Amino acid sequence: MIFIDPEEVAEAVSADWLQECEEAAKEIEDAEDGDERDNVLVRRSGVWRSVKDTLSKVSYGKCWYCESKNTRSDNAVDHYRPKGRVAEEPTHTGYWWLAFDHENYRYCCTYCNSHRKDSDSGSAGGKQDHFPLADDGIRAFMPGDDLEAEKPMLIDPCRLVDVIAIWFDETGQVRLNPSALMADSGALKRVEISTRYYHLNHPRTVAERKRVYRRIISKCKAADRLFEAWQLGDASLKERYEDAIKELSRLLTRTSEFSAVAHCAIKGLREASYTAFVLSEVKL
């Protein structure tokens, strides 16, 4: 997971689209009952569907939750706070007043957004209408209720302090970044819940993350050998080493799939690898 800057999203959407959002929001606010609100959600669903490509470009085509590109799947715009119902609170009619608020939109893949079960491993997940809170007694039910008082258990890619809680190990599995406990004592539980509902440990996703992690290790070792030979007097290897560094750096940029995994691998290697140390110090 990488941080998605809400300000960058705000700059990416068009004025005409924002106007359409305002009109749709007014419609749903004026609805007389739940049935009419549901009709507005169905009739105006094109509002969030039409901005999907814009949100995708902000993350370079990557799911905001798992960072996969999944070009063969029909990716979607998720409502971080569910628009129609909340699985954890049967009496909740959904955060319908946020249905047309782009700050509540998260671009995501089918595996993170919809319930899926892997037939081989039995692994299952998908956010759907889930929005668990640390304290269900403090939940916004209507416009005007204090959203800031809520304590979401799902890690939000649009909050930097949330994103740092996610870590990846050499096996490709999601782990807690111990540093996150400094800012959030409940970070471990949030990582566990987010991993389950976002289906972050889907077997194929884990395998891809492991591949990236192992690739970083292999390339760092190869680059270190070039560096050592260069330092021992073979000046002809300087350019090859610099090329190796550049190739590794490309895996760390935001445009690369699973770049957060690559960063975890680099940080894990920085004590044992000079190349990894150099890359960990570079701002990409």
Side-chain angles (χ1 to χ4, degrees), residues 1 4 6 9 20-52 55 63-66 73-118 123-159 162 186 189-200 202:
M1 186 180 290
I4 304 296
V9 176
E20 189 178 355
C21 287
E22 290 182 15
E23 293 170 359
K26 180 72 165 56
E27 275 190 48
I28 204 165
E29 288 171 7
D30 291 343
E32 294 183 357
D33 54 33
D35 288 339
E36 190 173 339
R37 283 198 297 269
D38 289 343
N39 288 334
V40 174
L41 289 175
V42 172
R43 189 173 66 254
R44 288 289 207 158
S45 60
V47 170
W48 57 80
R49 289 174 180 162
S50 65
V51 81
K52 182 172 72 171
L55 300 183
C63 170
W64 291 11
Y65 295 134
C66 73
S73 70
D74 187 17
N75 293 350
V77 174
D78 174 50
H79 289 72
Y80 178 64
R81 285 178 166 85
K83 62 186 180 297
R85 62 182 295 272
V86 177
E88 288 74 24
E89 179 51 73
T91 64
H92 202 290
T93 56
Y95 297 82
W96 52 265
W97 64 98
L98 300 177
F100 305 106
D101 184 346
H102 69 82
E103 292 186 1
N104 192 42
Y105 294 169
R106 308 289 182 269
Y107 176 74
C108 66
C109 70
T110 300
Y111 293 100
C112 289
N113 187 48
S114 305
H115 183 76
R116 291 287 187 276
K117 184 175 182 179
D118 183 73
S123 170
K127 181 174 175 288
Q128 295 183 296
D129 297 319
H130 289 286
F131 195 67
L133 300 177
D135 183 352
D136 266 322
I138 305 177
R139 185 187 290 276
F141 276 74
M142 296 293 292
D145 288 352
D146 188 4
L147 290 172
E148 292 300 317
E150 292 184 335
K151 295 181 180 179
M153 295 302 290
L154 291 175
I155 287 175
D156 184 359
C158 292
R159 296 188 72 244
D162 276 14
K189 187 67 174 177
R190 296 189 69 204
V191 168
E192 291 173 346
I193 289 175
S194 298
T195 299
R196 180 167 76 251
Y197 286 135
Y198 293 151
H199 210 176
L200 295 181
H202 184 283

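The structure displayed is predicted, hence computed values, not measured ones. Both backbone and side-chain heavy atoms feed into the values below; hydrogens, waters and symmetry mates do not.
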Taking side chain to side chain contact (heavy atoms under 4.5 Å, CB included) as the definition, give me every residue that meets it alongside [X], ordered by chain and number, with sequence neighbours left out.
X	value
Asp33	Asp35, Glu36
Lys189	Met153, Glu192, Ile193
Asn39	Arg43

So, do [X] and [Y] sit near enough that their side-chain heavy atoms are less than 4.5 Å apart?
X	Y	answer
Met142	Trp96	yes
His102	Val51	no
Arg81	Pro152	yes
Asp162	Pro157	no

By salt bridge (Lys or Arg N to Asp or Glu O under 4.0 Å) - contacts of [X] (at least two apart):
X	answer
Arg37	none
Asp129	Arg85
Asp30	Lys26
Lys52	Asp74

Applying side chain to side chain donor-acceptor pair (under 3.5 Å), name anything that partners [X], two or more places apart in sequence or on another chain.
X	result
Arg106	Asp156
Glu89	Thr91
Glu103	none

Review point. After noting the C-alpha distance and the side-chain angles of Arg44 and Ile28, does the key distance pass the side chain to side chain contact (heavy atoms under 4.5 Å, CB included) rule?
Key: CA-CA 10 Å; Arg44 288 289 207 158; Ile28 204 165; over 6 Å; no

Study note, to complete from the structure: Sorted by chain and residue number, the ring pair (Phe, Tyr, Trp, His ring centres under 6.0 Å) partners of Trp48 (sequence neighbours excluded) come out as His79, Phe100

Which pair of heavy atoms, one from [X] and one from [Y], lies closest together, and at what distance?
X	Y	result
Asp135	Gly137	OD1-N, 2.9 Å
Val47	Ala24	CG2-CB, 4.2 Å
Cys108	Asn75	O-CB, 3.3 Å
Met1	Ile155	SD-CG2, 3.7 Å
Glu150	Ala140	OE2-N, 2.8 Å

Review point. Do you know which of Tyr105, Tyr107, Tyr65 makes side-chain contact (heavy atoms from CB on, under 4.5 Å) with Asp78?
Key: Tyr65

Check your understanding: Going from OG on Ser45 to NZ on Lys83, what distance comes out if it is rounded to the nearest 0.5 angstrom?
Key -> 8.5 Å

Check your understanding: What distance separates Tyr198 OH from Cys63 SG, expressed to the nearest 0.5 Å?
Key -> 9.5 Å

**Study point:** ring pair (Phe, Tyr, Trp, His ring centres under 6.0 Å) pairs, two or more places apart, involving residues 131-154
**Key:** Tyr80-Phe131, His92-Phe141, Tyr95-Phe131

Practice item. Please step through side chain to side chain contact (heavy atoms under 4.5 Å, CB included) for the pair Leu133 and Ile138, ending with a clear verdict. Key: CA-CA 8 Å; Leu133 300 177; Ile138 305 177; 6.0 Å; no

Point to revise | Steps toward side chain to side chain contact (heavy atoms under 4.5 Å, CB included) verdict (Cys158, Trp64) | key: CA-CA 9 Å; Cys158 292; Trp64 291 11; 3.9 Å; yes

